[in-house]
Amino acid sequence: MCGLVQKYNVPGPRYTSYPTVPYWDLETFSGRLWESTVKEAYTENPDEGISIYIHLPFCESMCTFCGCHKRITKRHEVEMPYIKSILKEWKLYVDLLGDKPKIKEMHLGGGTPTFFSPDNLKILVKGILELSQKADNAQFSFEGHPNNTTKTHLQALFDVGFKRVCYGVQDYNQNVQKAIHRIQPFENVKKVTEWAREIGYTSIGHDIIYGLPFQTLENIEQTISITNELRPDRIAFYSYAHVPWLKGNGQRGFKDSDLPDASIKRTQYELGKKMLTRFGYTDVGMDHFSLETDTLHEALTNGTLHRNFMGYTPSKTKIMIGLGASSIGDSWYGFAQNVKNVDEYQHLVSHGILPIFRGHILTQEDQSIRRHILNLMCRFETTFENDDKVFDVGRILENLSELEKDNLVEIDINHIKVTEKGKPFIRNICMAFDLKLYRQKPKTRIFSMTV
């Protein structure tokens with residue numbers, strides 16, 4: 001395994017979309033084209049419902065492992081103006097659709113969603129739902145910070161339909177916590193987890209990260225052992241993405257030499273996966289594990305597991321609307337990202353303009369390759385069906401040949417299946433399908449390492 005880690009530890013995408021953001025065709029994209037794809041996708045099946053991702057970018061302090069778009073402030077008077085902007089943006093989309101859309105999924109991410117007061121979060125969600133229909137099987141979730149999520153937060157969001165919460169744990173070792181500027185004792189995580197269960201949340205998730213600065217195998221073992229005491233329904237066991245060149249993150253707070261090397265990092269993952277499996281968690285997909293009682297496991301079993309900019313979800317909607325600064329939307333036929341600066345975002349929305357600054361309209365080739373990458377990410381297999389008329393299948397099979405020699409994939413005429421040995425290298429396998437990446441290899445580093 002060590003040799004494979006060295007061989008395949010290269011910069012690569014996480015494939016929450018295809019094409020990936022650096023390969024979007026910005027020249028042919030326009031806001032009007034984006035709007036037309038949203039309208040088209042909605043008209044095809046309005047009963048399917050849509051997903052909404054709301055980006056709440058504010059944090060009181062900087063976590064130095066985080067690569068997300070955020071604004072650091074302790075001024076809570078920013079909350080209500082930002083909420084009003086999100087509701088204005090949502091009204092622009094409702095007017096575009098000409099209907100009260102059915103909301104199937106809603107996720108509050110950040111930043112720190114629990115930076116906002118419980119009352120303001122209720123105002124936000126109620127404002128969205130006033131212009132919408134709520135699907136019978138709607139799944140609403142949010143990211144909670146264990147240090148500032150209160151029981152009132154949990155109750156307020158539960159009262160407006162939220163049944164899933166995910167807490168950022170990262171690691172319980174104090175040296176690691178100090179390095180990533182995220183000091184939170186186990187007692188805080190235990191308290192908010194138990195509160196959520198008492199209130200009635202049906203899915204509680206914990207996020208753990210491996211490959212952090214100063215992190216050891218003993219730290220991984222300790223963190224997962226302690227996590228198992230609380231038995232969260234889902235565990236996201238993420239690889240730390242070291243991207244210090246991205247503007248606005250705090251990853252320059254430690255040196256590259258403070259990070260575990262690729263072989264140690266892979267050993268951390270293998271140890272964590274082995275422990276999670278022993279504790280009764282199923283490997284659902286890249287980085288994600290769940291108990292058999294969770295909807296994510298059910299989706300894996302019945303073939304409805306889906307992946308988008310929110311990560312893995314139990315069901316698919318063609319449309320995912322991103323609201324808030326830096327949010328990304330997906331119409332199935334196109335992607336669009338909002339401006340990242342909060343002030344610019346609020347200014348555009350106040351003038352009745354969708355605050356989009358870049359995007360991509362998918363070609364027929366894009367749509368076909370996207371289908372294969374989704375199949376691999378969600379089901380670990382895919383089948384070619386008349387794809388030779390759309391893109392160069394031979395090129396992809398050639399790209400897969402070395403992976404096949406290493407027993408990471410099995411190829412049977414037009415069927416490709418990821419082996420157990422290959423699952424940790426799923427990003428590399430998906431890269432074999434990424435024709436845009438092969439046609440135009442980046443001249444500078446734009447992705448984190450795959451291991």
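This structure is a prediction, so every number in the text was calculated from the model and none was measured.
- Without hydrogens or angle criteria, W195 side chain to K151 main chain gives no donor-acceptor distance under 3.5 Å.
- Here the closest non-hydrogen pair linking R370 and W332 is NH1-O, 3.1 Å.
- Side-chain atoms of E410 never come within 3.5 Å of backbone atoms of E404 as a donor-acceptor pair (strictly under, hydrogens ignored).
- Checked against the 6.0 Å centroid threshold, Y82 and Y345 count as a close aromatic pair.
- Between H107 and Y53, the ring planes are parallel. Angles under 30° get that label, and only those over 60° would be called perpendicular.
- Aromatic ring centres of H76 and F115: separated by under 6.0 Å.
- Atom CG of D343 sits in a crowded spot, with more than 12 heavy atoms from other residues, nucleotides or ligands closer than 6.0 Å.
- Within a 6.0 Å sphere centred on NZ of K91, other residues, nucleotides and ligands contribute 12 heavy atoms or fewer.
- Side-chain atoms of Q215 come within 3.5 Å of backbone N or O of L212 as a donor-acceptor pair.
- Looking at heavy atoms from C-beta onward, Q346 lies in side-chain contact with P81 at the 4.5 angstrom threshold.
- Counting only distance, with no hydrogens or angles, the side chain of Y93 and the backbone of G322 share no donor-acceptor pair below 3.5 Å.
- Counting heavy atoms from C-beta outward, P314 and Q139 have side chains that approach closer than 4.5 Å.
- No salt bridge links D233 with R164; every basic N to acidic carboxylate O contact stays at or beyond 4.0 Å.
- Judged by distance alone, with hydrogens and angles left aside, the side-chain atoms of K190 form no donor-acceptor pair with the main-chain N or O of E229 at under 3.5 Å.
- Listed by chain and number, the residues in a side chain to side chain donor-acceptor pair (under 3.5 Å) with D406 are K7, Y8 (sequence neighbours excluded).
- Counting only heavy atoms from C-beta outward, the side chains of D330 and I319 never approach each other to under 4.5 Å.
- Put simply, the side chain of L87 reaches to within 4.5 Å of the side chain of I128, judged on heavy atoms.
- Residues I52 and E105 form no side-chain contact, since every pair of their non-hydrogen atoms from C-beta on lies 4.5 Å or further apart.
- Residue K134 places its NZ atom among more than 12 non-hydrogen atoms of other residues, nucleotides or ligands, all under 6.0 Å distant.
- Between the side chains of D159 and Q155, a donor-acceptor pair is found at a separation under 3.5 Å.
- When atom types are taken as modelled, the side chain of N341 and the backbone of E344 share a donor-acceptor pair closer than 3.5 angstrom.
- For Q174, the CD atom counts as loosely surrounded, since its 6.0 Å shell holds 12 or fewer non-hydrogen atoms of other residues, nucleotides or ligands.
- V94 and P101 get closest at one heavy-atom pair: CG2-CD, 4.3 Å.
- Among pairs with a residue in residues 293-309, those fulfilling salt bridge (Lys or Arg N to Asp or Glu O under 4.0 Å) read R234-D294, at least two apart in sequence or across chains.
- With ring centers used as reference points, F162 lies under 6.0 Å from F140.
- Between L276 and D283 the shortest side-chain heavy-atom distance does not fall below 4.5 Å.
- With respect to N147, the side chain to side chain donor-acceptor pair (under 3.5 Å) criterion is satisfied by exactly one of N188, T114, T112: N188.
- Between Y210 and F237, the ring planes lie tilted relative to each other; the angle falls in the 30° to 60° range.
- A side-chain donor from one of T150 and H153 sits under 3.5 Å from a side-chain acceptor of the other.
- Put simply, the side chain of F214 does not reach to within 4.5 Å of the side chain of K178, judged on heavy atoms.
- Side-chain N/O atoms of E218 and N173 include no donor and acceptor closer than 3.5 Å.
- Side-chain N or O atoms of Y312 include one that pairs as donor or acceptor with a backbone N or O of M377 at under 3.5 Å.
- For Q268, the side chain to side chain donor-acceptor pair (under 3.5 Å) criterion is met by no residue, not counting sequence neighbours.
- The distance between the ring centers of F309 and F335 falls below 6.0 angstrom.
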